[in-house]
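Below, all heavy atoms of this structure are taken into account, side chains as well, without hydrogens, waters or symmetry copies. As the structure is a computational prediction, the values presented were derived from the model and not from experiment.
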Amino acid sequence: MVNMQNISGFAVPLGALKTEESPVIGEYTSLVQAGEFAKKCGFSVIQLLPVLDSGTQSSPYSSLSAFALHPIYINLSRIRGFDYCLQNDKSFKKAYNALLKHKNDARFDYEAVLNAKERLLKKNWNALIHSCACTPDSGTPLQALKKKFDNFIESKPWLKSYCVFKALKSKYAQASSQTWDKRDRNLTKDEIEKRWNDKRLLTKHLFYAFEQYLAFKQFKESSETLRSMGITLKGDLPILLNDDSCDVWATPELFNQKLRAGSPPDGDNPTGQNWGFPVYNWAAQKKDNYAWWKLRLSECSLFFGAYRLDHIPGFFRLWAMPAGERTAEMGRTEPHSTITRISLMNANFTKERIKWLSEPHIPTEVIFRIIGSLEKSHEILGLFCTRIGFEELWNFKPEIKSTADIESVNLSSLELDEEIQHEITALMVGWWKNRALIEIEKGKFVPYHKYGESSAWNSLNADEKATLSQMFGTLAKKQSKLWKMQAESIFKELVPHTDMVPCGEDLGVFIDCMPKTLEKFGILSLKVIRWCRAWFSEGQPFDDVKKYKKLSLVTTSVHDSSTLRQWWDTEKDSAKAFEKAFLAKKTRKQTAPHDEPLLEHLYVSDFTPEIAEKVLSACAKTNGAWFVPPIQDWLYLDAEKKSPCWSENAKDERVNIPGTVSRFNWTYRIPLTIEKLMEKDELIEKINRIVKIHDKK
């Protein structure tokens, strides 16, 4: 059971930490200085974003491996042979000095740092294996390294596959494994082992093992130091993996690669979100009691005392769509219940009526309006569809199974303008989604998420609509039970597997059974205060932080949101509502004691350290056991102008802007070194006061 003692801390991407020793990017060793700062502030928790190898992708949630640590966070200066290389290899020294030139950048350059460190690590590795950096009594360098590696390699059942995968990624110039030659794309476990043992590839494979050895060693030593300080390090486990990942490549049986995960259509996202990640084959994982997930947790427990389960609703159910779909509209939940053809027929829907509901029926007229020729319209429709008898109606051909198949139909031979071709393809994609039911297996159906917008639904009479609506309602109840059973099956195995405190990212999706299930297994729920409001009540008042469930991790911002400062300055209505709920003083007129209380507003247009202190102090009164705002929100307490902890523009303090891909995302750095932060006595005193508000409750 989770320790319900109140504790506070800060969240930070590891790369954001800046120290005198690691001035370009935060490194595993930087955590020791971060722990010293945390201790001085009265913090008990440091929460990190994922630190897994994400290859050329800066997003830590797009990892190449569920286990391998990111080599970008290795401290080069702590490696055996580094000093020798720096003193005796001019190209090494030049490359290292070029890397250090980035130390004053406002944000770190992910690609530049990654490439520079990769080159330097390889140079260091080559020096070691060519005797340059070894002592006379250590034997031949490769033998010495192998002796050190043997226990490490054998203790990591995932490592050999990872090293082979990384070598292949290098062979294909970092291209996605989905594009590799078939002989490399579909290796069996025995073939991977054979590739690992290939003497011609040994040095390359051992280099990637060398990187992991260094990363694990540095991270483990730092995490043990934090433990000795009484600081809990909290990790982050991305729920899903990229289809270009070692795990999907080496253990495909754990995944359902015919489906892709995402989120369903809603008001903000009318086509939903297709994340592109394959979904899990939970049935296969259950057969071995979720051994792969247990291994993930065991590896994490080497470093962390707590962990964040990313997108925890996904353990109950994932929104999944066929791999060839561009959007999430053709999705359904996994797991799911279905409506059978027999049950539909028993409800007086004929075979023809079921076909009408589950297959788009495209009238010739829709193409004729564009082309103006019946013959040409038939020719075009014949590329996508099969005509229904002699009617001017068409069904998609059986080989058309997704929007990708529609988009692959070549219209260039029809001598149409390119713009007309695009219009026809878009029209056919629209009709592909024009249905009320989706047949996911022969004779088994689920409702199309936007069935109410379909031609088929709107052609039904009132009784037919009522019958189907009732069937959909029954289906939803069955699915809710399925989701609860799946989550409990998983959590029952995973949560007791380690002593780490489990925390769930349960934002954005509400599942009826989720709150009680999380509570049952002692999983902390996430509360982002600005989003905890009675959204369907008049005025959308904020929830009282003093009434949050104890089993909560409470924060002011997250890596995908604006910071406290940016929120206050740009979302005025929300900030004013917060002020009214938590900051404004209430007074009464002396002459009218029964009047409604008046509010003395504290709100000012610009965010200030005073506002930061008032907001954080109000939030610290939460009943939630853990209070862990991001480091940026804590640094806003700094009022010293000579060496401010603030960026010139609030937008530059964000970690990520969802829905965008840029060099900006995931490259935030704190503006001062941790050593400089530790000299800010006034800032530290303010933090201590706020921490005591929460932790002493």
With rounding to the nearest 0.5 Å, note down the distance linking CG in Leu48 to NZ in Lys234. 9.5 Å
Qualifying residues under side-chain contact (heavy atoms from CB on, under 4.5 Å), relative to Arg533, sequence neighbours excluded: Trp535, Gln540, Phe542, Ser574, Ala577
Among residues at least two apart in sequence or on other chains, which ones pass ring-ring contact (aromatic ring centres under 6.0 Å, His included) with Phe277? none
Under the ring-ring contact (aromatic ring centres under 6.0 Å, His included) rule, collect the residues that match up with Phe304, sequence neighbours excluded. Phe219
Output, in order, the C-alpha distance, side-chain angles, deciding distance and verdict of side chain to side chain donor-acceptor pair (under 3.5 Å) for Tyr636 and Glu653. CA-CA 11 Å; Tyr636 291 141; Glu653 294 162 339; 2.3 Å; yes
Without hydrogens or angle criteria, can the side chains of Asn665 and Asn656 be said to hold a donor-acceptor pair below 3.5 Å? yes
State which residues pass salt bridge (charged side-chain N to carboxylate O under 4.0 Å, His left out) with Asp310; sequence neighbours excluded, sorted by chain then number. Arg308
Who passes salt bridge (charged side-chain N to carboxylate O under 4.0 Å, His left out) against Glu675, sequence neighbours left out? none
Looking at Asn649, I'd like to know if its CG atom is crowded, meaning that more than 12 non-hydrogen atoms belonging to other residues, nucleotides or ligands lie closer than 6.0 Å. yes
So, using side-chain hydrogen bond (donor to acceptor under 3.5 Å, both in side chains) as the criterion, who are the partners of Asn242 when residues are at least two apart? Ser62
Mind checking what makes side-chain hydrogen bond (donor to acceptor under 3.5 Å, both in side chains) contact with Arg296, not counting sequence neighbours? none
Applying side-chain hydrogen bond (donor to acceptor under 3.5 Å, both in side chains), can you list everything that pairs with Lys294, at least two apart in sequence or on another chain? Glu493
The ring-ring contact (aromatic ring centres under 6.0 Å, His included) partners of Trp567 (sequence neighbours excluded) come to Phe578
When you look at Glu20 and Lys676, which way does the salt bridge (Lys or Arg N to Asp or Glu O under 4.0 Å) test go after all the steps? CA-CA 9 Å; Glu20 298 296 331; Lys676 292 291 185 184; 5.6 Å; no
Side chain proximity check, Leu31 to Ser223, heavy atoms < 4.5 angstrom: no
Judged by atom type as modelled, is there a donor-acceptor pair below 3.5 Å linking the side chain of Asn623 to the main-chain atoms of Tyr548? yes
Could you walk me through whether Lys614 and Glu579 pass salt bridge (Lys or Arg N to Asp or Glu O under 4.0 Å), step by step? CA-CA 10 Å; Lys614 291 178 186 299; Glu579 180 209 13; over 6 Å; no
What's the spacing between Cys300 SG and Met500 CE if we round to 0.5 Å? 5.5 Å
Rounded at 0.5 Å granularity, tell me how far OH in Tyr668 sits from OG1 in Thr563. 8.5 Å
Side-chain (Arg669) to main-chain (Lys103) donor-acceptor, under 3.5 angstrom: yes
With salt bridge (Lys or Arg N to Asp or Glu O under 4.0 Å) as the test, would you mind laying out the steps for Lys117 and Glu27 before giving the verdict? CA-CA 12 Å; Lys117 283 201 167 184; Glu27 297 172 323; 2.5 Å; yes
Have a look at Pro23 and tell me which of Asn104, Leu100, Thr673 forms a side-chain contact (heavy atoms from CB on, under 4.5 Å) with it. Leu100
Tell me, please, which residues at least two apart from Glu334 pass salt bridge (charged side-chain N to carboxylate O under 4.0 Å, His left out). Arg332
Qualifying residues under side-chain hydrogen bond (donor to acceptor under 3.5 Å, both in side chains), relative to Lys217, sequence neighbours excluded: Glu221
Inter- and intrachain pairs under ring-ring contact (aromatic ring centres under 6.0 Å, His included), touching residues 34-58, at least two apart: Phe10-Phe43, Phe43-Trp634
SB check Arg689 Glu613 (cutoff 4.0 Å): yes
Let me see the working for Ser557 and Arg530 under side chain to side chain donor-acceptor pair (under 3.5 Å), right down to the final yes or no. CA-CA 8 Å; Ser557 314; Arg530 72 176 80 163; 2.8 Å; yes
Ignoring hydrogens, what is the shortest heavy-atom contact between Ala320 and Val279? Give both atom names and the distance. CB-CG1, 3.9 Å
Asp638 with Lys680: basic N within carboxylate O range, under 4.0 Å: yes
Separation of Leu683 CG from Leu672 CG (nearest 0.5 Å): 9.5 Å
Heavy atoms only: give me the nearest Asp652-Ser647 pair and the separation to one decimal. CB-CB, 4.2 Å
Apply salt bridge (Lys or Arg N to Asp or Glu O under 4.0 Å) to Lys220 and Glu224, showing your working. CA-CA 6 Å; Lys220 187 75 162 57; Glu224 288 176 350; 2.4 Å; yes
Between Tyr280 and Ile239, is there a donor-acceptor pair closer than 3.5 Å when you use the side chain of the first and the backbone of the second? yes
Between Glu505 and Leu507 (side chain of the first, backbone of the second, donor and acceptor by atom type, cut-off under 3.5 Å), is there such a pair? yes
So OG of Ser30 and CG of Leu14: to nearest 0.5 Å the spacing works out to 6.5 Å
Separation between NZ (Lys527) and CG (Asp543), nearest 0.5 Å, reads 7.0 Å
